[in-house]
Amino acid sequence: MVTALYKEFSDLLGDECVSACPADCAAYAYDAAGTAFVPPTLVLRPGNADQIAPVMELCRREGLHLVIRGAGTGLRGHATPGGADTILLALDRLCRIFSIEAEDRTAHVECGVTAAALAAAAAARGLWYPPDPGSMCVSTLGGNLAEDALGPHGLKYGSSRHYLLGMDICTPSGVTAYCPATAPHGLPLAQLVAGSGGQLAVMSRLRLRLLPPPAAKASLCASFGDTAQAAQAAAAIMASHLCPAALELLDALARQALDAYAATGLPQEGESILLLELDGHPAQVSDDMKVARTLLTEQGCQSLHQLDTQQTEAFFVARRALPTALRRLGQNTLCISTRLPCTRQPELCRALAVLSERHRLRMACFGHAGSGLLHPVLLPDAGQDVQEALGELFHVVQELGGTLEGGPELGQGPWLAQPVAAAPPLERGIQQVFDPTGLLYPGNILTLQQAQTCRSDG
Ligand SMILES: Cc1cc2nc3c(=O)[nH]c(=O)nc-3n(C[C@H](O)[C@H](O)[C@H](O)COP(=O)(O)OP(=O)(O)OC[C@H]3O[C@@H](n4cnc5c(N)ncnc54)[C@H](O)[C@@H]3O)c2cc1C
């Protein structure tokens, strides 16, 4: 069967775009979540966006599942096959920047371009592409939009979807269309597809908005005696009239991992740090810096340093590598994303300290504190079971009125299996319009049973 399929897809795309080689297929069984799934039957890497519709049609005809993949840096297992007879459509070769229209502040690109490449092309024309997820040098704009990725500057400048002007899509039902982000007389389909995690359609070509860069920037690095206090200071900043460009929190272990990984030149005092960046008109930035200094001092910071542009840039470069730096600290790392109101983050930090102590489990915590997005990272020793600690964390976050996301390990928790297994009826209905035959494989949400099957398979 594989040979026959290989021939059909090769005839369609050319040999160089199709692989059935077990080593290639095994490599695509993973994304950055790090958990192995079932390898795909074939890997397709088209070099032209017009090849996507025929691929969809052939998959439909043969009754195959299809998983869309950008660079595979996702942390939730979305871009990996969840079962047999799955074709993996990798879009990283669609990486042309067609144009930067400086006067219109727009870019026209293929979905496989990285955010870093677009930011560089925009900068060459005196413009700025703000979305800056930590993976921006590797992950694709298609993947960023599908996951609505958000980096440190998302606090003031929004997530990837805020820069979307329109996209060419190809649905499993065979519809190809250009969807503008705003549709005055219809439904904003582009906004629906972006953020859908590859479950509705393939985005191929994108029109994105660019901004002029801020006229001035300034940063402060404040250190605190403990992480809850740093989170409390972040909440105080967000409750003031300040509108920081970025407000990042790193606890002691995260900072230790960063220091071991790269020379950041960050101040060594205190346990946890907050990095605050302000930008805008020079006079406004100068006034805001005074307010920020006062606020952070009132919140009991142990030290306060102003960073120059080079130091700030060095921080953000190192910060992007933090998940990798943390992985060097232990054999296993389990990175969780929590979304909470800023005012509840200190309680989360306190709860993490208690959990870490009770379960004798090393934990780090870092994140976009101003956006309410913190990442507790579990660093279990070899063979240490984390399910009980994960369950408690789940309940803590729930009680604080937040949400929790993570890699496939979360789908293995008995406390999660039922609530996440089935999509709500309204979402299922929408999915059926785009994908009536269930062609796009829902590899992103695992029931407990599926997770166990995957584990025993792999
Ligand atoms: C070191 C590191 C740092 C990270 N930092 C951040 C961060 O700061 N902020 C953040 O939000 N995330 C972050 N992530 C997670 C990840 O990088 C992002 O989710 C990223 O957007 C995924 O892009 P990708 O191209 O790798 O997509 P993939 O992982 O390949 O796919 C992700 C999802 O997008 C879908 N998809 C991909 N391309 C398309 C397309 N063209 N059309 C339709 N669907 C598509 C896939 O089906 C899948 O569901 C980080 C990951 C790592 C490893």
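The chain is numbered in sequence order, starting from 1. In listed order, ligands and their atoms are each counted from 1. Keep in mind that the numbers below use all heavy atoms, side chains included, and drop hydrogens, waters and symmetry copies.
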Do [X] and [Y] pair up side chain to side chain, a donor and an acceptor below 3.5 Å, judged on atom types alone?
X: D11; Y: Y6; answer: no
X: N144; Y: S139; answer: yes
X: D168; Y: S204; answer: no
X: H305; Y: Q311; answer: no

Pairs of nitrogen or oxygen atoms closer than 3.5 Å, one from [X] and one from ligand 1: do any exist?
X: G197; answer: yes
X: L75; answer: no
X: G74; answer: yes
X: G134; answer: yes
X: N144; answer: yes
X: V202; answer: no
X: C111; answer: no
X: D31; answer: no
X: P133; answer: no
X: I68; answer: yes

Is it the side chain, the backbone, both or neither of [X] that has a heavy atom closer than 4.0 Å to ligand 1?
X: S139; value: both
X: A201; value: backbone
X: L150; value: backbone
X: E147; value: side chain
X: S135; value: both

Worksheet item: In a check of side-chain contact (heavy atoms from CB on, under 4.5 Å) between S19 and each of D24, L42, L88, which one passes?
Response: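 The option that passes is D24.
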
Item to complete: Can you spot which of L249, L307, L247 makes a side-chain contact (heavy atoms from CB on, under 4.5 Å) with L275?
Response: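 Single pass found, and it is L307.
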
Fill in: salt bridge (Lys or Arg N to Asp or Glu O under 4.0 Å) partner of E110, the single match among R207, R93, R96
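Only match with E110 under salt bridge (Lys or Arg N to Asp or Glu O under 4.0 Å): R96.
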
Check residues 50-58 and write down every donor-acceptor pair under 3.5 Å in which the side-chain atom is one partner and the other belongs to a residue at least two apart or another chain.
{"from": "D50", "atom 1": "OD1", "to": "R205", "atom 2": "NH2", "distance (Å)": "3.0"}
{"from": "Q51", "atom 1": "OE1", "to": "G47", "atom 2": "N", "distance (Å)": "3.1"}
{"from": "Q51", "atom 1": "OE1", "to": "N48", "atom 2": "N", "distance (Å)": "3.2"}

Please output the side-chain donor-acceptor pairs of residues 334-341 that fall under 3.5 Å, not counting sequence neighbours, one pair per line with the distance.
{"from": "S337", "atom 1": "OG", "to": "H375", "atom 2": "ND1", "distance (Å)": "3.2"}
{"from": "T338", "atom 1": "OG1", "to": "L374", "atom 2": "O", "distance (Å)": "2.9"}

Worksheet item: A149 heavy atoms, cut-off 4.0 Å: which ligand 1 atoms fall inside?
Response: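 Selected atoms, number and element: 10 (C), 11 (O), 21 (O).
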
Worksheet item: Parallel, tilted or perpendicular: which fits the ring planes of F98 and H108, with parallel below 30° and perpendicular above 60°?
Response: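 Ring orientation, 0 to 90° scale: tilted.
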
